[in-house]
Amino acid sequence: MAINKQWRLARTPTTGWPTDEDFLQDESAVPDPGEKQALTRTIYLSLDPYQWARRRSGLEAVGDVCHGRTVSLVLKSRNTNYREGAVIFNTNGWQEYGLAGKGISEFNYMHPRVIDPSLAPISTAIGVLGMLGLTAYSGLYIQCQPKPGETVVVSAASGGVGQNVLQIAKLKGCRVVGVVGSDEKCDFVTGALGADACINRKAADFTDQLRLACPDGIDIYFENVGGAVFEAVLPLLNKFSRISLCGLISQYGNDDTASNHDRWQKTGAEVFAKRQVKVHGLFVGNFVDEHQQPFLEEMSEWVQNNQVSYREDTWQGLDKAPAAFAAMLNGDNFGKTIVQVSSDPTSPIRKR
Ligand code: NDP
């Protein structure tokens, strides 16, 4: 019997951040594809902060195979959309093999699709050309509508979403300031990604450095982290500034509702005092139907012309998934967090 290695949720997490006890390694038989289904082998698994929210909220049940979007190879097919040998974007989760097609619950507003490996490395389907790129494009470009010369601040600027936001803002002629968690990441953000300035959020004088880097105030803030970074940004927001509220990763393990309440009061007061600050809540799923196609066309061209580059933080082997996941939530990733589960038939030696 062929074996399918997998990670299951061992318990509904009780602590703020993931621990080894939250995950259970398991094996089952490789499934046979039913009518209009295809059997696929996971090549790349995407690890994303939202997966933690699913686990903590109980949306992912104890005993379930952990959810995750994947790039997979079709091994056996009874579905004409997925021919054998094709590479597809789907949602196998944290396991070596999975089914795609009829009756497979995908929890995926990013619809399964066949990937064209000639356009870009296939891992980009879970990164710059996937949900993360679309998130950046939707929040910055569509919600905040950047104008040349405006100052844009991006938190978690070297991460999966942040690096795309930053580069799109540069392409639109903005002055761009990144915020990250290490000096090494700062060098990458101002070097390879071309930001005008970058500040290490862990520096003792972070707030002062941010103010100095934004002499004309902030016109757009792309929010990925919340907490202390958000508090440093707030007083610098200009009249008519815009915020895309994409994520609050510093708060995902914070159960202190009293402090969250205080923070909201302060935020509300500051936004009110500035007047006409537009705060856009961002949910990428709302942008898929209308904007995924134009996004893919524009972003693919930028990637092919080297106008947008991307950095992936690739861990080797499914065994590493829990450690890679915890590292990402702790800020120890450097780029989009991916687990390579099996060999990539389109580019076996490509690895960062
Ligand atoms: P990243 O690759 O950016 O990884 C997370 C980063 O968050 C870390 O590298 C770290 O960057 C930063 N971070 C972690 N902990 C803290 C902390 N306590 N304080 C400040 N920063 C911290 O992840 P993604 O690109 O996948 O996601 C970025 C954000 O976008 C997340 O908040 C996610 O939930 C959100 N998101 C929202 C979507 C939507 O539809 N609204 C869709 C997709 C993602 P550093 O150490 O460099 O600061």
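Remember, it's a predicted structure, so these values are computed and weren't measured experimentally. Order of listing sets the numbers, starting from 1, for every ligand and every atom in it.
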**Q.** Within residues 213-222 or reaching into it, pairs that qualify as side chain to side chain donor-acceptor pair (under 3.5 Å) - sequence neighbours excluded
**A.** Ser155-Tyr221, Asp219-Asn238, Tyr221-Glu223
Q: Answer yes or no: is there an ion pair linking Asp48 with Lys336, defined by an N-O contact shorter than 4.0 Å?
A: yes
Q.
Show me the pairs that pass side chain to side chain donor-acceptor pair (under 3.5 Å) and involve residues 181-191, at least two apart or across chains.
A. Asp183-Asn200
Please tabulate, one pair per line, all N/O donor-acceptor pairs under 3.5 Å involving side-chain atoms of residues 93-103, not counting sequence neighbours.
unit_1: Trp94; atom_1: NE1; unit_2: His67; atom_2: O; d: 3.2
unit_1: Gln95; atom_1: OE1; unit_2: Asn4; atom_2: ND2; d: 3.1
unit_1: Gln95; atom_1: OE1; unit_2: Gln6; atom_2: NE2; d: 2.7
unit_1: Gln95; atom_1: NE2; unit_2: Asn92; atom_2: O; d: 3.0
unit_1: Gln95; atom_1: NE2; unit_2: Tyr97; atom_2: O; d: 3.3
unit_1: Glu96; atom_1: OE1; unit_2: Lys5; atom_2: N; d: 2.9

Q) Can Thr70 and Asn90 be counted as having a side-chain donor-acceptor contact under 3.5 angstrom? A) yes
Q: Check each protein residue for a heavy atom under 4.0 Å from ligand 1 and list those that pass, ordered by chain and number.
A: Pro49, Met131, Leu132, Thr135, Ala156, Gly159, Gly160, Val161, Val180, Gly181, Lys185, Arg201, Asn224, Val225, Cys246, Gly247, Leu248, Ile249, Ser250, Tyr252, Leu282, Phe283, Val284, Met328, Leu329, Gly331, Asn333, Gly335
Q: Flag the pair Glu150 and Arg242 as a salt bridge only when some basic side-chain nitrogen lies within less than 4.0 angstrom of an acidic carboxylate oxygen.
A: yes
